There are 2 protein chains.
Amino acid sequence: MGMRPLFHPKVEDITVEGILHALSDPVRVAIYAGIVGQDCSHNCSTFLTVSDKTIPKSTLSQHFRALREAGLIRGERRGVEMHNTSRCPEVEQRFPGLLGAIVNAHTIQSKDEARAKRSGAKRPVRRPAKNT
Amino acid sequence: MGMRPLFHPKVEDITVEGILHALSDPVRVAIYAGIVGQDCSHNCSTFLTVSDKTIPKSTLSQHFRALREAGLIRGERRGVEMHNTSRCPEVEQRFPGLLGAIVNAHTIQSKDEARAKRSGAKRPVRRPAKNT
DNA sequence: TCAATAGTTCCGCAATAATGAACAATTGAA
DNA sequence: TTCAATTGTTCATTATTGCGGAACTATTGA
């Protein structure tokens with residue numbers, strides 16, 4: 001079986017559920033934040049490890065697919081590697097303020113976690129870890 | 001086994017992932033929107049059907065639990081039934097603008113869907129349905 | 001032509017989610 | 001008190017989704 005062509009939803013087909021689901025995963029937000037951060041491109045292998053955890057490339061591939069199919073990023077094959085860009089403007093047009101609020105919330109949380117870690121507190125994580 | 005006491009995370013333990021995950025489910029956003037809408041209370045059985053689909057009560061119970069444990073709502077036993085209130089203010093304090101943006105985005109999407117339905121278009125749903 | 005590089009797909013197993021059935025808790029009536 | 005009705009929860013089973021190793025595809029450069 002060959003590789004199927006990359007699917008990208010049209011702006012009007014992007015759903016809130018899709019976006020929330022895509023960004024409810026720590027690895028995916030990390031990836032997404034990375035892509036949004038440097039608004040230029042970004043290829044996959046930049047994200048081989050997220051928060052001290054090595055993500056297998058097959059898993060990474062799936063995560064990128066999830067982000068793509070949620071309409072959050074646009075992927076383009078550039079020779080042997082991928083060129084990923086954020087679709088922020090489009091999403092912003094459809095759901096104003098949504099992405100900003102999410103990214104912002106994540107920033108807040110990261111700072112909190114950093115502070116908690118420094119003070120040695122072991123905050124219980126609500127969303128149960130998926131595997132060990 | 002008796003019924004365990006209802007668990008509610010402290011504000012500072014509420015996570016973005018938790019919130020996004022909780023609200024990435026159509027049934028749960030519907031429930032949550034209902035509770036936020038009439039800012040007074042709301043009991044479970046008001047939500048027996050969501051978008052032409054009857055949700056079994058055991059499933060509903062789990063959904064309420066998910067919302068509770070994500071820190072989105074507060075549940076209180078009032079005799080035989082439940083009294084659910086939104087924890088909006090608290091969440092707003094921790095993640096300003098987040099809930100507003102999500103609810104707003106959902107409103108936009110609902111209107112789009114209604115318009116699409118009127119014009120008879122069958123828009124593909126990106127986030128695949130979980131069952132059937 | 002072939003090795004190296006970068007991602008993707010396939011597939012088995014693990015983790016999550018849905019839900020019917022049995023159960024628990026509270027209320028009100030007899 | 002005792003019991004039926006009501007409301008929600010828990011358990012057990014099944015279905016769905018997600019992870020990740022191994023094999024594969026596609027492209028580039030030597």
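All values below come from the heavy atoms of this structure, side chains included, with hydrogens, waters and symmetry mates left out. Quick note on labels: first sequence line is chain A, next is B, and so on, each numbered from 1. Bear in mind that the values here come from a model prediction, so they are computed numbers and not experimental data.
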Using the rule side-chain contact (heavy atoms from CB on, under 4.5 Å), only one of A:T15, A:V16, A:V11 pairs with A:F95; which is it?
A:V16
Keeping A:S61 on the side-chain end and A:K57 on the backbone end, is there a donor-acceptor pair under 3.5 Å?
no
If you only use heavy atoms from C-beta on, which nucleotide in [options] is closest to the side chain of [X]?
X: A:R77; options: C:dT19, D:dT9, C:dT8; value: C:dT8
X: A:M3; options: D:dA26, D:dT9, D:dG20; value: D:dA26
X: A:P56; options: D:dT10, D:dG20, C:dT9; value: D:dG20
X: B:V80; options: C:dT26, D:dT27, C:dT9; value: C:dT26
X: B:E81; options: C:dT9, D:dT9, D:dT7; value: D:dT7
X: B:T59; options: C:dG20, D:dC19, C:dA18; value: C:dA18
X: A:S58; options: D:dT9, D:dT10, C:dT9; value: C:dT9

With sequence neighbours excluded, tell me which residues meet salt bridge (Lys or Arg N to Asp or Glu O under 4.0 Å) with [X].
X: B:E113; result: none
X: B:E90; result: B:R74, B:R87
X: B:R77; result: none

Who passes side-chain hydrogen bond (donor to acceptor under 3.5 Å, both in side chains) against B:R68, sequence neighbours left out?
none
Looking at [N], I'd like to know if its phosphate oxygens (OP1 or OP2) sit under 4.0 Å from a side-chain N or O belonging to [X].
X: A:R68; N: C:dG7; value: no
X: A:R28; N: D:dG18; value: no
X: A:H21; N: D:dG18; value: yes

End-to-end axis angle, where each axis spans five pairs of the helix from C:dT1-D:dA30 to C:dA30-D:dT1, to 10°:
10°
Can you list the residues that meet the side chain to side chain contact (heavy atoms under 4.5 Å, CB included) rule with B:T59, with sequence neighbours excluded?
B:I55, B:P56, B:H63
Under 4.0 angstrom, heavy atoms only, what part of the nucleic acid is B:R65 near: base, sugar-phosphate, or nothing?
nothing
